[in-house]
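Down below is the structure, laid out as structure tokens.
Note that the structure is predicted; figures quoted are calculated from it, not measured. Throughout, protein chains are lettered first and strands after them, A, B, ... in sequence-line order, and every chain is numbered starting at 1.
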2 protein chains.
Amino acid sequence: MRRPTLEAVATRAGVSKSTVSRVVNGEATVGPDIRALVMRAVNELDYMPNPAARSLVTQRTDSIAVIVSDPPAGLVSDDPMFSTVVRAASREFEAAGKQVALMLAGTADSRLRVRQFVAAGHVDGVMLMSMHGADPLPAALAATGVPIVSHGRPAVSVDVPWVDNDNIGGAALAVRHLLDRGRRRIAMISGPLDMSAAQDRLGAYRATLRETGRRSIVAIGDFTRISGAEAMFQLLDDDPALDAVFAANDLMAIGALRALRRAGRRVPDDVAVVGYDDIEAALYTDPPLTTVRSPMGDQAVASARLLLGLLENRPMSSVVLPTELIVRDSS
Amino acid sequence: MRRPTLEAVATRAGVSKSTVSRVVNGEATVGPDIRALVMRAVNELDYMPNPAARSLVTQRTDSIAVIVSDPPAGLVSDDPMFSTVVRAASREFEAAGKQVALMLAGTADSRLRVRQFVAAGHVDGVMLMSMHGADPLPAALAATGVPIVSHGRPAVSVDVPWVDNDNIGGAALAVRHLLDRGRRRIAMISGPLDMSAAQDRLGAYRATLRETGRRSIVAIGDFTRISGAEAMFQLLDDDPALDAVFAANDLMAIGALRALRRAGRRVPDDVAVVGYDDIEAALYTDPPLTTVRSPMGDQAVASARLLLGLLENRPMSSVVLPTELIVRDSS
DNA sequence: CTGAAAGCGCTTACAG
DNA sequence: CTGAAAGCGCTTACAG
């Protein structure tokens with residue numbers, strides 16, 4: 001019932017454990033006839049190396065942690081971005097023979113657990129997702145000495161390389177598009193200001209309006225649909241004459257569309273709406289949503305490659321990926 | 001630079017390794033003064049047990065695999081269900097001290113990798129998600145002897161306990177609701193027929209219509225938005241006079257809403273629409289979507305508990321959770 | 001090219 | 001209640 005060991009294979013093949021180990025690990029220094037003998041024994045016994053025993057001596061685990069800073073309410077993991085990123089990164093890591101352990105770290109408790117897990121040497125590297133400014137995790141993890149990358153630039157300066165899309169350029173694209181369409185009173189629904197993506201998108205919105213001498217009108221959401229709807233109601237209160245709104249992500253834009261419908265405003269006739277991310281749902285809103293396409297999958301792949309490079313001691317630096325405006329009927 | 005070992009702690013505390021091990025593992029048989037001594041050394045050195053070494057002797061890994069049968073196109077992981085389930089299950093497992101390794105197994109290659117991973121003893125148990133009928137993975141994994149549960153009843157009979165919602169009851173609720181509203185020609189957009197949820201929902205639709213002497217009108221999708229839109233166009237072709245459609249999930253219902261809009265049909269005036277799942281997006285469609293609420297989070301929690309029970313050798317059996325109709329403006 | 005031996009860092013009977 | 005010793009299943013210098 002117990003699984004076969006190296007020793008069993010060695011006995012069966014009539015060779016030493018060393019030789020079996022070499023064959024199993026693909027070392028070239030084994031004679032072809034002996035190798036064949038060993039392979040046969042391996043197949044007959046359906047042998048697979050015990051990963052714990054291997055890790056114990058190699059000091060590697062061949063697995064990496066993807067850590068998602070997800071509050072208990074599930075703000076992050078309800079975002080379609082979450083699946084896209086986890087999926088793309090998993091593929092990349094698995095192609096490199098690394099197993100992915102997904103960990104959620106939204107509470108103080110789970111942060112502690114995650115830190116312990118990493119510090120105990122469970123994984124060879126860490127990919128961080130959606131880190132808020134106040135989050136102590138990046139620093140705590142960096143202190144363990146394990147290689148780390150962040151998917152998205154961390155809000156506070158901490159010495160981990162990151163990959164992000166061009167939030168500033170993307171937001172500027174959105175606002176200029178609305179100006180080009182002749183919109184005069186362009187409001188923004190911002191994301192939470194302790195996240196760098198939200199900061200950058202808001203900053204670019206403000207800068208672009210300032211260039212043309214226009215005033216900013218801002219409400220803050222938390223990247224969820226419901227917060228987008230609430231922010232939209234507030235903006236309509238603040239400035240009933242607004243004729244456009246730029247939401248810092250598509251989920252909030254979807255919430256805004258609903259709020260505008262409830263308030264009896266037509267989109268785009270009365271109010272133009274632009275989102276950010278280009279999630280699939282943006283194609284299915286009524287009307288379909290104009291949005292900034294952020295290359296989420298590419299960003300995840302780049303993050304994964306960054307970490308894989310770090311694991312091989314290659315010199316690696318942060319990456320910014322370009323964005324693109326997708327014009328649909330909402331603007 | 002190397003992390004401290006049991007031995008280092010023992011030396012520092014002036015006791016044996018056995019004693020340190022006992023303290024670290026919370027055994028009660030250690031004198032209070034000695035325990036204090038050890039604890040101090042542990043803290044001073046920031047000691048954490050090496051998990052590989054521990055696993056090697058205990059034959060446990062304290063981690064479990066969540067395996068998602070996700071085709072390369074990402075059908076499953078783009079579904080909001082995916083995040084909800086992964087998140088809820090992760091919480092449950094982590095509360096029990098189990099680490100979660102998320103694995104995607106959509107291709108033959110990745111299925112092989114997953115099987116090897118499990119067979120090699122990387123994990124103590126497996127939770128399967130969204131298994132299609134032809135998928136050889138459940139049987140292959142069952143053969144490894146590792147405890148398995150399936151989130152969702154497997155389409156082919158394989159001896160693993162599962163947790164599912166009451167697909168038959170839920171679908172019947174939806175169809176009866178449409179009948180009660182006076183709808184006469186009720187079409188259905190089914191999910192892929194190699195999945196049990198799709199089979200059951202379609203079966204219940206047919207049975208309920210048959211009871212009242214009505215004909216079925218069915219098109220098949222794959223649970224994605226786009227397939228829902230395509231199926232809706234086909235249904236309109238097949239029966240231009242249809243006055244209601246029941247989609248086997250909300251994503252396809254959202255696609256159907258879009259197709260109906262394109263075809264110039266008003267919802268619910270011309271065609272009533274009902275979905276299944278009650279994902280958050282169902283609240284944000286125009287009009288908001290009537291749907292069957294399936295307790296996805298509860299189902300994930302129940303699946304996790306089922307597996308945890310199995311790991312403790314408790315006798316466990318499959319579970320069916322009740323559903324509920326949520327009536328909104330689309331019907 | 002192959003093997004005997006040491007050692008990775010733990011846990012756990014077995015003594016006392 | 002505490003310790004010495006064996007052993008979990010591998011890899012890897014070191015010899016030959």
Pairwise ring-ring contact (aromatic ring centres under 6.0 Å, His included) hits with a residue in residues 106-129 of chain B, at least two apart:
F117(B)-H122(B)
Looking at N50(A), I'd like to know whether one of its side-chain N or O atoms comes within less than 4.0 Å of OP1 or OP2 on dC8(D).
no
Can you run down the salt bridge (Lys or Arg N to Asp or Glu O under 4.0 Å) pairs that involve residues 128-148 of chain B, sequence neighbours left out, and say none if there aren't any?
none
Separation of R22(A) CZ from I34(A) CD1 (nearest 0.5 Å)
11.0 Å
Round to the nearest Å and state the distance from R60(B) atom CZ to dT11(C) atom P.
10 Å
If a pair means Watson-Crick or G-U wobble with both distances below 3.5 Å, what does DNA chain D look like in dot-bracket form, with | marking bases paired to a different strand?
|||.||||||||.|||
For atom NZ of K17(B) and atom P of dG9(C), their distance in whole Å:
10 Å
Expressed as a whole number of angstroms, how long is the span from R3(B):CZ to dG9(C):C1'?
10 Å
Is it true that D46(A) and R12(A) have a side-chain N and a carboxylate O under 4.0 angstrom from each other?
no
Contact list please: residues 27-45 of chain A against DNA chain D, heavy atoms, distance less than 4.0 Å, in numerical order.
none
Do R153(A) and N165(A) have side-chain atoms, one donor and one acceptor, less than 3.5 Å apart?
no
Measuring from atom CG of L102(A) to atom CE of M127(A), what distance do you get when rounded to the nearest 0.5 angstrom?
10.0 Å
Is it the case that the side chain of T19(A) and the backbone of V15(A) share a donor-acceptor pair, with hydrogens and angles ignored and the cut-off at 3.5 Å?
no
Rounded to whole Å, the CG-P distance (L56(B) to dC10(D)) equals 9 Å
Residues 33-43 of chain A vs salt bridge (Lys or Arg N to Asp or Glu O under 4.0 Å), sequence neighbours excluded, gives R40(A)-E44(A)
Heteroatom pairs (N/O) under 3.5 angstrom, protein to nucleotides 13-16 of chain D:
from    : atom 1 : to     : atom 2 : distance (Å)
dA13(D) : N6     : R22(A) : NH2    : 3.1

Round to a whole Å and report the spacing from CD of E7(A) to P of dC8(D).
9 Å
Relative to the 5' end of DNA chain D, which residue comes earlier, V57(B) or V15(B), by the nucleotide with the nearest heavy atom?
V15(B)
Hydrogens and angles aside, do T107(B) and S110(B) bring a side-chain donor and acceptor to less than 3.5 Å of each other?
yes
Could you report the tightest heavy-atom contact between G121(B) and T61(B), atom names first, then the distance?
O-CG2, 3.2 Å
Any T19(A) side-chain nitrogen or oxygen under 4.0 Å from OP1 or OP2 of dG3(C):
yes
In whole Å, I'd like the distance from the OH atom of Y47(B) to the P atom of dG9(C).
10 Å
In plain terms, say whether R60(B) and D124(B) are close enough for a salt bridge, that is, a side-chain N and a carboxylate O under 4.0 Å apart.
no
Please give, in whole Å, the distance from dC10(C) C1' to Q59(A) CD?
13 Å
Heavy-atom pair of closest approach, residues W162(B) and P154(B)
CD1-CD, 3.7 Å
Roughly how many Å is it from CE in M48(A) to C1' in dG9(D), rounded to a whole number?
15 Å
Check every atom of dG3(D), dT12(D), dC8(D) against the side chain of S16(B) and return the nucleotide holding the closest atom.
dG3(D)
Any side-chain N or O of T58(A) under 4.0 Å from OP1/OP2 of dT11(D)?
no
